[in-house]
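Okay, structure first, notes after.
For ligands, and for the atoms within them, numbers begin at 1 and follow the listed sequence.
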Amino acid sequence: MSKIRVAIAGVGNCASSLVQGVEYYRGKESDSYAGLMHPRVGPWGVSDVEFVAAFDVDQRKVGRPLEEAIFAPPNCTRVFQAQIPASGVRVLMGPVLDGVAPHMGDYPESESFRPASIKPVDVAETLKQSRAEVLLCYLPVGSERAVEHYASACLKAGVAMVNCVPVFIASDPTWADRFHKACLPIVGDDIKSQVGATILHRQLARLFTSRGVKVLRTYQLNTGGNTDFLNMLERRRLKSKKRSKTESVQSQLHKPLEAGDIHIGPSDYVPWQKDNKLAFIRLEAQGFGDVPMELELRLSVQDSPNSAGVVIDALRCAKLALERGLGGPLEAACAYFMKHPPRQLSDEEAGRLTDAFIAESAQAISRDRAAGAAVGNR
Ligand SMILES: NC(=O)c1ccc[n+]([C@@H]2O[C@H](COP(=O)([O-])OP(=O)(O)OC[C@H]3O[C@@H](n4cnc5c(N)ncnc54)[C@H](O)[C@@H]3O)[C@@H](O)[C@H]2O)c1
């Protein structure tokens with residue numbers, strides 16, 4: 001059975017957790033294994049992902065083997081799989097464009113990006129040469145031009161895309177149409193972690209609403225000490241992140257709250273927290289007899305493995321769609337795995353539809369393979 005050939009744009013903390021995970025789960029993909037939503041998606045286990053190309057711009061990562069670059073500073077996520085076999089993939093220089101915020105230069109090297117002064121490679125050409133099937137986009141928030149550059153390269157090279165960044169590609173009708181016409185699947189935008197602040201906040205909003213309790217006001221304040229949080233100190237880069245996170249919660253209420261009654265977003269950078277993200281969620285509401293109630297929640301989680309646990313499924317769904325010749329945004333997968341899909345669904349509905357998509361696709365693929373084998377035997 002063929003592997004899933006994946007290219008990575010942005011070898012940061014999330015990429016590190018994912019690459020570690022692919023090795024960590026090798027041979028451990030039984031149903032009971034912790035940390036996986038789907039030990040198998042169709043015929044593919046976690047370790048059937050094979051990295052075939054990687055792009056970054058940081059001088060400590062470019063030119064190095066992928067398995068070393070994932071541990072290079074400023075990456076600071078937890079190391080749960082230190083031994084990674086040689087991949088044969090060297091990190092290549094991508095086009096910087098708007099990937100590096102100017103304020104990064106004001107922070108110590110160990111905490112921030114340091115772009116290399118090397119000519120970038122041709123991304124589309126590299127994707128073609130590597131025979132990548134899916135590009136995983138892990139660029140910093142606010143990298144509008146850079147994400148669009150990688151999305152265009154996918155269209156040019158005939159590569160599917162999983163877009164973890166809150167730059168709207170799958171959820172933008174024009175881009176979605178381009179992927180549809182090219183018969184290339186896309187899962188986006190802005191990855192929703194396994195059990196992160198967004199899914200918790202959505203579930204609480206839905207719970208209150210479904211129990212007839214009226215949410216009056218809510219906030220979600222997040223702090224962390226990785227480069228994702230440092231990057232987001234630049235408020236102008238945050239616009240789409242705030243929109244993505246806010247719409248994700250608003251979509252679960254009967255009636256969206258007034259803008260002044262909801263505040264959701266990355267709130268501060270605390271260097272010593274490193275990849276540990278803290279989320280503080282508060283809901284103020286009215287129950288029976290308009291009697292007030294309040295809820296406060298504090299979540300403490302390692303940010304990057306929490307997203308990798310979802311990306312591993314998104315990649316395999318993209319491969320299923322490729323095998324079936326489906327193009328454009330995969331509606332159920334986008335709604336289940338991403339904060340800003342083309343169409344918001346409840347997490348339960350999205351999960352059910354995603355499972356149905358996986359089962360139906362796996363059947364269609366094995367049917368096609370059996371038919372192919374029968375023709376071959378004649
Ligand atoms: N739980 C999570 O961690 C989570 C959840 C949702 C969304 N996301 C999003 O996923 C993305 C990746 O997160 P991360 O924590 O890995 O970020 P990160 O800061 O650790 O990594 C970003 C990487 O991109 C590189 N880069 C910058 N410009 C580039 C360019 N033009 N071309 C290629 N590489 C470039 C940087 O050098 C760095 O290695 C972010 O947009 C983040 O908001 C993460």
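The distance criterion of under 3.5 Å between nitrogen or oxygen atoms is met by Asp303 with respect to ligand 1. Looking at Lys339 next to ligand 1, no N or O pair under 3.5 Å apart turns up. Among the atoms of Leu139, some N or O lies under 3.5 angstrom from an N or O of ligand 1. Residue contacts with ligand 1: Ser193 is placed with a nitrogen or oxygen under 3.5 Å of a nitrogen or oxygen of the ligand (distance criterion only). Residue-to-ligand polar distances keep Asn75 apart from ligand 1: every N/O pair is separated by 3.5 Å or more.
Ranked by closest heavy atom to atom 9 (C) of ligand 1, the top entry among Ser240, Cys164, Ser307, Gly309 is Cys164. Scanning Val310, Asp56, Asn231 for the heavy atom closest to atom 38 (C) of ligand 1 points to Asp56. Around atom 24 (O) of ligand 1, the closest heavy atom drawn from Ala15, Gly10, Ser16, Ala69 belongs to Gly10. Here the shortest heavy-atom distance to atom 31 (N) of ligand 1, taken over Pro95, Gly196, Ala116, belongs to Pro95.
In this structure, atom 28 (N) of ligand 1 lies nearest to the protein heavy atom Gly99 CA, 3.4 Å. Of the protein's heavy atoms, Asp228 OD1, 2.9 Å lies nearest to atom 43 (O) of ligand 1. Here the heavy atom of the protein found nearest to atom 30 (C) of ligand 1 is Val57 CG1, 3.5 Å. The protein heavy atom nearest to atom 18 (P) of ligand 1 is Thr227 OG1, 3.5 Å. Protein heavy atom nearest atom 3 (O) of ligand 1, with residue, atom name and distance: Cys14 SG, 3.2 Å. Of all protein heavy atoms, the one lying nearest to atom 21 (O) of ligand 1 is Gly12 CA, 3.2 Å. The closest protein non-hydrogen atom to atom 33 (C) of ligand 1 is Tyr150 OH, 3.2 Å.
The closest side-chain donor-acceptor pair between Ser304 and Asn13, if any, does not fall under 3.5 angstrom.
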